[in-house]
Amino acid sequence: MSILVYAFLIGVIAGFRALIAPTIVSWGGGLGWFSLAGTPFNFMSSIVTRCIFSFLALGELVNDKLPKTPSRKVPPQFIARVVSGAFSGAVLGAARQSLVGGLIAGAIGAVAGTLGGSAVRGALAKLAGKDLPIALLEDLVAIFGALFIVSSI
């Protein structure tokens, strides 16, 4: 598959959970699933970077379940997801000499993931009568989806 498809898909993951995408991308680089040597994103392979992103991602997973957490579609959250998707896509793209293409594909994927993820979660929560089980399912899709995407490069 083209690196742009992977960048788009990791952007979709960022639309689901903003910090899962860069966290898994960082772990992929650190574990040698792809090389970031010689790219502007070599720092993403660092254990320090992986630990920081992991800590932040855990916080996001908890925060998402809180009743006062705003919608992912309000401007600050939406923008954060697009930036995260663009960044994660750029990192993957840079690993295959397509930084700009990865950045654009990741941003587009994040828009799709943000809007689509919100619609699907809302519909499933309505069917289930509760949001928490669907939120937890979305967490699993984001984590395992990101692992699949990044390990497939």
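Positions are given from 1, in the same order as the sequence printed here.
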Participant: So, for I20 and A146, which heavy atoms are closest and what is the spacing to 0.1 Å?
Facilitator: CG2-CB, 4.1 Å

Participant: Could you measure the distance from the CG atom of L124 to the CG atom of L137? Nearest 0.5 Å is fine.
Facilitator: 7.5 Å

Participant: Please report the interatomic distance CG(L92) to CD1(I3), rounded to the nearest 0.5 Å.
Facilitator: 5.5 Å

Participant: May I ask you to test the I143-L147 pair for a side-chain heavy-atom distance under 4.5 Å?
Facilitator: yes

Participant: Might you point out which heavy atoms bring S88 and V25 nearest each other, and give the distance in Å?
Facilitator: CB-CG2, 4.1 Å

Participant: Hydrophobic clusters here meaning ILVMFWY residues chained together by side-chain heavy-atom distances under 4.5 Å, can you tell me if L19 and V62 are in one?
Facilitator: no

Participant: So, do F16 and R121 sit near enough that their side-chain heavy atoms are less than 4.5 Å apart?
Facilitator: no

Participant: Measure from the side-chain N and O atoms of T49 to the backbone N and O of F43, and report whether any donor-acceptor pair falls under 3.5 Å.
Facilitator: yes

Participant: Is there a path of hydrophobic side-chain contacts, each under 4.5 Å between heavy atoms, that joins L61 and I24?
Facilitator: yes

Participant: Please examine the side chains of I79 and V82, heavy atoms only from C-beta on, and report whether any two atoms are closer than 4.5 Å.
Facilitator: no

Participant: For a quick test of reading the model, state the closest non-hydrogen atom pair linking R72 to G117 and the distance between them.
Facilitator: NH1-C, 3.8 Å

Participant: So does F53 get a backbone contact from the side chain of T23, meaning a donor-acceptor N/O pair under 3.5 Å?
Facilitator: yes

Participant: For a 4.5 angstrom cut-off between non-hydrogen side-chain atoms, does V150 reach I10?
Facilitator: yes

Participant: With the side chain counted from C-beta on, respond yes when V91 and P22 share a heavy-atom pair under 4.5 Å apart, and no when they do not.
Facilitator: no

Participant: Donor-acceptor pair, S26 side chain versus M44 backbone, under 3.5 Å?
Facilitator: yes

Participant: Between A95 and L36, which heavy-atom pair has the shortest distance, and what is it?
Facilitator: CB-CD2, 4.0 Å

Participant: Locate the shortest heavy-atom distance separating Q77 from P70; write the atom from each residue and the value.
Facilitator: NE2-CG, 3.1 Å

Participant: I need the R81 CZ to L115 CG distance, nearest 0.5 Å.
Facilitator: 10.5 Å

Participant: Show your reasoning for whether side chain to side chain contact (heavy atoms under 4.5 Å, CB included) applies to I47 and C51.
Facilitator: CA-CA 6 Å; I47 187 66; C51 288; 4.1 Å; yes

Participant: As an exercise, state the distance from OG of S152 to CZ of F34, rounded to the nearest 0.5 Å.
Facilitator: 11.5 Å

Participant: Is there a side-chain contact between F8 and I149 (heavy atoms, below 4.5 Å)?
Facilitator: no

Participant: Quick one: pull up CD in E138 and CG in D64 and give me the separation to the nearest 0.5 Å.
Facilitator: 6.5 Å

Participant: Does K65, at its NZ atom, have more than 12 non-hydrogen atoms belonging to other residues, nucleotides or ligands within less than 6.0 Å?
Facilitator: yes

Participant: For a quick test of reading the model, state the closest non-hydrogen atom pair linking L4 to G102 and the distance between them.
Facilitator: CD2-N, 3.6 Å

Participant: Determine, using the 4.5 Å side-chain heavy-atom cutoff (strictly less than), whether V100 and V83 are members of one ILVMFWY cluster.
Facilitator: no

Participant: Treating T69 as the side-chain partner and N63 as the backbone partner, does any N or O pair qualify as donor plus acceptor under 3.5 Å?
Facilitator: yes

